[in-house]
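All remarks here apply to the structure that follows.
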Amino acid sequence: MNDRQTKPKTFALTTPLYYVNDLPHIGSAYTTMAADVVARFERLRGKSVLLITGTDEHGQKIQRTAESLGLDPQKHCDLVSSGFDSLWQKLNIQYDRFIRTTSERHHPIVKEFWQRVWEKGDIYQGQQTGWYCVACEEFKEERDLLPGNKCSLHPNREVEWRDEQNYFFRLSKYQSQLETLYQERSDFIQPVSRRNEVLNFVRQGLQDFSISRVNMDWGFPVPNDPHHTIYVWFDALLGYVTALLDPDSQPTLEKALSQWWPIDLHLIGKDILRFHAVYWPAMLMSAELPLPKHIFGHGFLTKDGQKIGKTLGNTIDPVDLVNRYGSEAIRYYFLKEIEFGQDGDFNETRFVNIVNADLANDLGNLLNRTLPMTKRYCQGIVPNCLSADIPDTHPLKAIGLTLSDRVAEKYESLAFSQACAAIFTLIRASNKLIDEQAPWALYKQGQQQAGDRVLYAVLESVRQAAYLLSPIIPDLSTEIYQQLGFLNNFNDKNQIYEAAPFEVHSTWGVLPANQRLGDSKPVFVRLELP
RNA sequence: CAAAAGUUAGCUCAUUUGGUAGAGCGAUCGACUCAUAAUCGAUUAGUAGUAGGUUCGAUUCCUGCACUUUUGACCA
């Protein structure tokens, strides 16, 4: 504790700032749930945590989408942005900052950063020439065009020859610095497969990229040249910086970077890896600012083994999903059943089966079969039993003694699935112990102490499991804790560490003997198959 | 076309440095009754994509082929 006061441990992490071109999809929900789990885990072990999420709202695509809907761009952004926010509420995401790139505090930060890079000599005016597809809003390589100068994605539209002045960022200048970075900090980009992608890309040689657009005004003007608008990515990445500002502090780089910088972890989908692993560090090098510690690019989701896409019409609506099944089931499935980092599949039948098997049958029922016996044979209080009286070789205690360290290691490496697997070995062993020891028979035979030991060991194991699972299923863990007679609420982010510190509650044997138990009822109701 | 990753029980995945493969889910049978038809046990199944090579021995190393996925510069 003293150590904590003299040297406060902080942890800042981000989700992407989601583009408000459309309503949130399941992929955004997936990233955000994972980020929330990391944030909750770090808070649980006593760190000061800043979880940043938000929305990216500039760019021509937004402007055009708004127009097509007959809306003012800002109005459109407000609507979609609040859609993200309300989904995060439904999914029980405890973010600390929600940054919108259209917020007025963001502009001075972007301006100042631009200025800094400009003074470094890393921004220059150049000519962007090439075939431009208006529908894509992209310059196209000649080799990608269909016969007749048609865009391959929009075969009914001819591309246009553009020759425009743009501002460029000297990315090429940072090639060797970036390569050194990847070399010296091999865990900067995770997982390894993502790192290799980046290494390959960078090895091929980096070209400068344009960071401004003309004929577009939904964005920030380039300082001293208002005909140009700052390119949306340059603006968006800096949202991570603006988000660090305290609500009442001045929007300056110095203020923003004074407290939480550098970011410990950028959690992203693999589609935006390059922006975070190449452009972003180069921009920061140019501005002479410290770099984030880790970038983790997770995989994509498929549905029933098929790529998800609007054209296929097989999208998963996260709002619909959470309305039908609740946040706990969804959080659990995506974190437990999908190897974080790899691509993963969502199949509704499988989802229901897994969640029922683990949360209702194994975990929920374990508590629900034990509490009634405790009521009947122990007057509704935790059996009068000391952990010290239970040998370390006891089948549950033996697992529980090393579980905390193993699980913490898994959470730290973002191996959520493996964390769950480790915890569930304890839960399954508990169900097994009850069957083998048959405490109801022990009590009927008058063997009170033997029965008490069984029930204590099981209740304590459920408690430990609930505690360690709380970053993933906080509502369920809270319900379990309360049925065990605790008052803790795992959603109370400012007090959970003080009330139930990790060093104590993550270990086995802390359930107080004679504690009065709460009311018992199933903590997780089985889901119906679709 | 090029590069990278992958192809292990019906499904989702594990198998630190090569010694004939494991878990969860599902299925079948049995046991028990404290419990949310829950739990426990047993069974089930894999010539580890394919064809070769190195080796006493390869899922694990090398090569060819097939299939899947990703990347190949500004698509959040």
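Here is how names work: the chains are called A, B, and so on, in the same order as the sequence lines, proteins then strands, and each is numbered from 1.
Of the candidate nucleotides B:G41, B:C34, B:U71, B:U71 has the atom lying nearest to any side-chain atom of A:R274. Among the nucleotides B:U36, B:C74, B:A76, the one closest to the side chain of A:D56 is B:A76. Nearest to the side chain of A:R213, among B:C74, B:C25, B:U70, sits B:C74. Distances from the side chain of A:N431 to the nucleotides B:C34, B:C40, B:A76 place B:C40 closest. Taking the side chain of A:N353 as heavy atoms from C-beta on, and the options B:G26, B:C40, B:C75, the nearest nucleotide is B:G26. Out of B:A35, B:U71, B:G24, the shortest distance to the side chain of A:E197 is found at B:U71.
Atom P of nucleotide B:A35 and atom CD of A:Q483 are separated by 15 Å, given to the nearest angstrom. Nucleotide B:C34 holds its C1' atom 15 Å from the CG atom of A:D452, rounded to whole Å. Rounded to whole Å, atom P of B:A35 lies 22 Å from atom CZ of A:R428. Whole-Å rounding puts the A:R194 CZ to B:G6 P distance at 12 Å. If you take OH of A:Y443 and C1' of B:U33, they are 17 Å apart, rounded to a whole angstrom. The CG-C1' distance, from A:N361 to B:G26, rounds to 13 Å in whole Å. For the pair A:N196 CG and B:G72 C1', the interatomic distance rounds to 16 Å; values are reported in whole Å. Taking atom CG on A:D435 and atom P on B:A31, their separation rounds to 14 Å, with Å as the unit.
Checked for salt-bridge contact, A:E528 and A:R324 miss the test: no charged N lies under 4.0 Å from a carboxylate O. A salt bridge is defined here as a Lys NZ or Arg NE, NH1 or NH2 lying under 4.0 Å from an Asp or Glu carboxylate O, and A:D405 with A:K410 fails to meet this definition. Using a 4.0 Å cut-off between a side-chain N of Lys or Arg and a carboxylate O of Asp or Glu, A:R100 and A:D56 do not qualify as a salt bridge. Between A:R195 and A:D187 no salt bridge is recorded (no basic side-chain N to carboxylate O distance below 4.0 Å). The pair A:E460-A:R463 meets the salt-bridge criterion, since a charged nitrogen lies less than 4.0 angstrom from a carboxylate oxygen. Taking a cutoff of 4.0 Å between a charged side-chain nitrogen and a carboxylate oxygen, A:R331 and A:D36 qualify as a salt bridge.
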Practice task
Please assess A:Q63 against A:D217 for the test side chain to side chain donor-acceptor pair (under 3.5 Å), listing each intermediate value before the final yes or no.
Solution key: CA-CA 9 Å; A:Q63 190 174 23; A:D217 37 277; 3.3 Å; yes

Exercise for the section: Kindly determine whether A:Y333 and A:F346 satisfy ring-ring contact (aromatic ring centres under 6.0 Å, His included), including the steps that lead there. Expected result: CA-CA 9 Å; A:Y333 179 84; A:F346 178 82; 5.6 Å; yes

Practice task
Test side chain to side chain donor-acceptor pair (under 3.5 Å) on A:R274 and A:Y279 and set out the steps.
Solution key: CA-CA 7 Å; A:R274 180 171 311 144; A:Y279 295 7; 5.1 Å; no

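The P atoms of B:U36 and B:G30 are separated by 24 Å, rounded to the nearest whole Å. Taking the C1' atom of each, B:A42 and B:C32 are spaced 15 Å apart, rounded to whole Å. Between B:U59 and B:C75, the distance separating the two C1' atoms is 39 Å to the nearest Å. If you take atom P in B:G10 and the same atom in B:G52, they sit 24 Å apart, rounded to whole Å. Comparing the P positions of B:A2 and B:G49 gives a spacing of 24 Å, expressed to the nearest Å. Between the P atoms of B:A23 and B:U63, the separation comes to 33 Å (whole Å). For the C1' atoms, the distance from B:G22 to B:C61 is 23 Å, rounded to whole Å. Taking the C1' atoms as reference points, B:C74 lies 46 Å from B:A21, given to the whole Å.
Nucleic acid contact class of A:I268 (heavy atoms, under 4.0 Å, all strands): none. Across all strands, A:P522 comes closer than 4.0 Å to base atoms (heavy-atom distances). Note on A:F524: a base of the nucleic acid sits closer than 4.0 angstrom, heavy atoms only. Within the 4.0 angstrom heavy-atom criterion, base atoms lie near A:F201. A:V523 comes within contact range of at least one nucleobase, with a heavy-atom separation under 4.0 Å. No contact: A:L371 has no heavy atom under 4.0 Å from any strand. Within 4.0 Å of A:A236, counting heavy atoms only, lies at least one base atom of the nucleic acid. Using a 4.0 Å heavy-atom distance criterion, A:D362 is classed as a sugar-phosphate-only contact.
Between the side chains of A:Y30 and A:H25, no donor N or O sits under 3.5 Å from an acceptor N or O. Checking A:Y174 against A:E179 by side-chain atom types alone, no donor-acceptor pair falls below 3.5 Å. Side-chain contact annotation: A:D208 with A:Y124, donor-acceptor N/O pair under 3.5 Å present.
Residue A:R428 forms a side-chain contact (heavy atoms from CB on, under 4.5 Å) with just one option from A:D358, A:L433, A:I399, and that option is A:D358.
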Polar atom pairs between nucleotides 8-12 of chain B and protein, under 3.5 Å, N or O only, would you list them?
residue : atom : partner : partner atom : Å
B:U12   : O4'  : A:R350  : NH2          : 3.0

Extract from the structure each pairing of a protein N or O with an N or O of nucleotides 14-16 of chain B at less than 3.5 Å, listing the distance.
residue : atom : partner : partner atom : Å
B:A14   : OP1  : A:Q342  : NE2          : 2.7

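Comparing A:I427 and A:A360 against RNA chain B, the residue whose closest nucleotide sits nearer the 5' end is A:A360.
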Exercise for the section: Represent RNA chain B in dot-bracket notation, 5' to 3'. Only Watson-Crick or G-U wobble pairs with both distances under 3.5 Å count; pseudoknot-style crossings use [ ] and interstrand partners use |. Expected result: (((((((..((((........)))).(((((.......))))).....(((((.......))))))))))))....

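If you check distances only, the side chain of A:S210 does reach the base of B:C74 with a donor-acceptor pair under 3.5 Å. With hydrogens and angles ignored, no donor-acceptor pair under 3.5 angstrom links the side chain of A:N365 to the base of B:A38.
Stacking here means ring centres nearer than 5.5 Å and ring planes tilted less than 30 degrees, and by that measure A:F209 does not stack onto B:C74. By the 5.5 angstrom centroid cut-off and the 30-degree plane limit, A:W233 is classified as stacked against the base of B:A76.
In this structure, A:K270 does not reach the B:A76 phosphate: none of its side-chain N or O atoms is under 4.0 Å from OP1 or OP2. Phosphate proximity of B:C25 to A:Y333: absent, as no side-chain N or O sits under 4.0 Å from OP1 or OP2. For A:K521 and B:U36, the shortest distance from a side-chain N or O to OP1 or OP2 is not below 4.0 Å. For the OP1/OP2 pair of B:G41 and a distance below 4.0 Å, the side-chain nitrogens and oxygens of A:K432 include at least one atom meeting the criterion.
Of the possible donor and acceptor atoms, none in the side chain of A:R170 sits under 3.5 Å from a partner among the backbone N and O of A:I123.
The two residues A:I295 and A:A277 come nearest to each other via the heavy atoms CD1-CA, 4.0 Å. Heavy atoms only, all atoms of each residue included: A:Y231 and A:S210 are closest at CD2-O, 3.8 Å.
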